[in-house]
Undergrad: 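My questions all concern the structure below.
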Amino acid sequence: MAPIFYILKSKRIAAVALGTVLAATALTGCAAMRRTWQFQAEATSSPALQVKVESAAVSQRRLAMQLRLHNPGAQPITIQAENATLTLPDGQEFTSSVGGLQSEFAKGLANIGIGKAAPPVTIAPGESVPLEISISQGRRDLRRFATLQVRLPDLRIDGQPATLAPLVLRAPADAPLGEDI
Amino acid sequence: MAQHFSSRFWPGLLALCAWACAGCAVNFSEARPARILRGGEVQLAQINNVVVPTSAIGDSISSTKSLYTSLKAQEKPSNDQARDYASRATAIALAGPGYATHFDIGVGLGYRWDTSLRVGNGIYAASLRKGYDFGPWAAALGLRAGYNSGQSVISYLDDANGYVDLVSTKRFDGQLFAQLGREFGEWGRLWFGAKGMYSGYTLEVGAPDLGLQIEKVSDHIWFWGGNIGVAVGFRHVFAVGELTVLRASGSLRAFGRDRDLGGVTIAPSWGIMGQF
């Protein structure tokens, strides 16, 4: 056993350095270890509203989207959307407040009479506004799915329920797929 | 001599135990959930470990009391008593109570593999795990190699015992372990584990004040047992608690005396863990 000790002691620093280099290489070079992937999506629209995905960053537990809502009509419109849902190809669904945890917290406070929930957003004719969606969960690895669907189930335009086709997020071609990864 | 012995004996013995057992304390615990880290996922943890070898404590207290009583009545311990005491102190240093803290960084490698590096109290350890999913339950099989440099982070403990000097410690731990556990939403984790560990050591130990020269002692101890652990928190940050119970088997020959290192070891651990 003694020779093993001496080998380990003399090589300890080298081993730590080698391990660090390997870890750094793996972190930066291996697709399976890439923490965040940018998914792509086509725009979707209703007669009164166009929705474009500017960014969809998908990490293991979180989807963070930057949307741009555009009013193509000749009249101003007001938009209300409190919740967003994320649906996996196998049907599992996760729900979050539009705007993420901060919005959820504000809504919770408003429900007990502290502060106010976010007011409706008004979009002038031909103008657009940004909208952030953040959905977190701890059960599935979101990076490993070829497609993800995002909906705004309680979207209201000028106070009326509006139906909008789901946004279909597609993984980049070089992203490793399958939850065994 | 006897009075001098009594004033330094107990604190010295305790310091010796804490000094030498820091290493095994670090390598007893797992202190992380069974689910393998996903590719690129990083886990950081600071874990505190206590080792309570029940049989060693009882045996060492009774034997050292006996030795202390006989020493009080004499001006100087006989060579036989000195050897008895020094060999017991050496055995306790290897399989006695202790406390240690360590930092652990784990990285998911993808394809249900993850690795971790552990540093604490002069210990350097690396592990590799392979994971398997069974519905809501996750299982992991892993191995860990640990090296004890023999250097304490609490330097004053190194020289605390004036009667039995551990001149050098070299200890290598190799272990296989299995875990089974599940997650509860984003707030809880529960796991059970089984572990077997081979701990080979080489000590240079002497007791010059007792007239005993430095000896080189080389042997090994086996440990096997299991653990149960929980982590409670939310999303990224969790408080971790784990209880490990191991059976030790081994012996030591030092200063011409044979000592049994066997017995049941209880090792509670606690700390904080972040997953990012």
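All chains are named by letter (A, B, ...) in the order of the sequence lines, taking the proteins before the strands, and each is independently numbered beginning at 1.
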Undergrad: Under a 4.5 Å heavy-atom cut-off, does chain B meet the side chain of A/D180, its backbone, both or neither?
TA: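 Contact with chain B is through both the backbone and side chain of A/D180.
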
Undergrad: Quick one about B/R38 and A/Q60 (side-chain donor to acceptor, distance below 3.5 Å, no hydrogens or angles considered), yes or no?
TA: no

Undergrad: Cation over ring, B/R189 on B/W191, under 6.0 Å and within 45°?
TA: no

Undergrad: Is it the side chain or the backbone of A/S136 that comes within 4.5 Å of chain B heavy atoms, both, or neither?
TA: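 Interface part for A/S136: both.
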
Undergrad: As an exercise: rank B/E183, B/R35, B/E41, B/Q275 by heavy-atom pairs under 4.5 Å with chain A and give me the winner.
TA: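 The residue among B/E183, B/R35, B/E41, B/Q275 with the greatest pair count is B/E41.
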
Undergrad: Taking 4.0 angstrom as the limit, do B/D114 and B/K130 come out as a salt bridge?
TA: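 No salt bridge links B/D114 with B/K130.
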
Undergrad: With a 4.5 angstrom heavy-atom cut-off, is it the side chain or the backbone of B/F276 that approaches chain A, or both, or neither?
TA: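 For B/F276, the contact with chain A is made by backbone and side chain together.
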
Undergrad: Determine, using ring centers only, whether B/Y201 and B/H220 are less than 6.0 Å apart.
TA: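 Centroid separation for B/H220 and B/Y201: 6.0 Å or greater.
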
